[in-house]
Amino acid sequence: QVHVVESGGGLVQAGDSLRLSCAASGRTFSSYGMGWFRQAPGKEREFVAAIRWRTGSTFYADSVKGRFTISRVTAENTVALQMNSLKPEDTAVYSCAATGSLVYGSWYGNAEAYSYWGQGTQVTVSS
């Protein structure tokens with residue numbers, strides 16, 4: 001089975017930066033795409049960013065475009081989310097996910113395209 005583990009969350013002030021890491025492991029693991037989602041208290045889970053594994057193509061939600069950067073280390077099945085200029089509105093539990101299957105079209109923002117999910121890491125941004 002594939003295991004996904006996030007780390008790097010914490011408490012920061014508005015304007016600060018955080019870097020989240022996500023490691024996917026498991027025998028015969030092969031990921032077509034990996035992404036980040038977040039969920040704030042009382043809110044539905046929303047797409048944040050994703051990366052197509054083979055090509056390195058990246059995709060972002062409008063709310064984080066220009067502030068967040070997703071990257072990968074292919075040999076380690078690891079992705080990172082660099083978050084700059086953080087806002088209180090970014091406060092949420094951030095979860096990493098891997099598709100586990102071929103991706104196509106607008107797969108990146110669709111939670112149904114992801115088969116494996118991490119436990120989540122808390123990001124809190126104070127005013």
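Between Gln82 and Asn84 the shortest heavy-atom distance is NE2-OD1, 3.0 Å. The heavy-atom pair separating Trp36 from Ser21 by the smallest distance is CH2-O, 3.7 Å. Closest heavy-atom contact between Ala40 and Ala92: N-CB, 3.8 Å. Across all their heavy atoms, Trp117 and Ala111 have their closest contact at CZ2-O, 3.8 Å.
You'll find the side chain of Arg19 reaches within 4.5 Å of the side chain of Ser71, heavy atoms only. In this structure, Thr69 and Tyr60 have side chains that are in contact, with non-hydrogen atoms separated by less than 4.5 Å. Looking at Arg67 and Asp90, their side chains come closer than 4.5 Å, going by heavy atoms from C-beta outward.
Here the OG atom belonging to Ser17 is positioned 9.5 Å from the CZ atom belonging to Phe68, to the nearest 0.5 angstrom. Interatomic distance, SG of Cys96 versus CE of Met34, reported as 4.0 Å (0.5 Å rounding). The CZ atom of Arg38 sits 11.0 Å away from atom CZ of Phe47, with the distance rounded to the nearest 0.5 Å. To the nearest 0.5 Å, atom SG of residue Cys22 and atom CD of residue Glu6 are 5.5 Å apart.
Judged by distance alone, the side chain of Thr58 and the main-chain N or O of Ile70 form no donor-acceptor pair under 3.5 Å. Looking only at distances, a side-chain donor or acceptor of Thr99 sits under 3.5 Å from a matching main-chain atom of Gly33. Side-chain atoms of Ser57 do not come within 3.5 Å of backbone N or O of Thr55 as any donor-acceptor pair. Between the side chain of Gln119 and the main chain of Val5, no donor-acceptor pair closer than 3.5 Å is present. Put simply, the side chain of Thr124 never gets that close to the backbone of Thr91: no donor and acceptor are under 3.5 Å apart.
Under the 4.5 Å side-chain contact rule for hydrophobic residues, Tyr32 and Phe59 share a cluster. Leu81 and Val93 are not part of a single hydrophobic cluster, where members link through side-chain heavy atoms under 4.5 Å apart. Hydrophobic clustering (side-chain heavy atoms under 4.5 Å, transitive across Ile, Leu, Val, Met, Phe, Trp, Tyr) groups Val12 together with Met83.
Taking the six-membered ring for Trp, Tyr114 and Phe37 have ring centres closer than 6.0 Å.
Using a 4.0 Å cut-off between a side-chain N of Lys or Arg and a carboxylate O of Asp or Glu, Lys65 and Asp62 qualify as a salt bridge.
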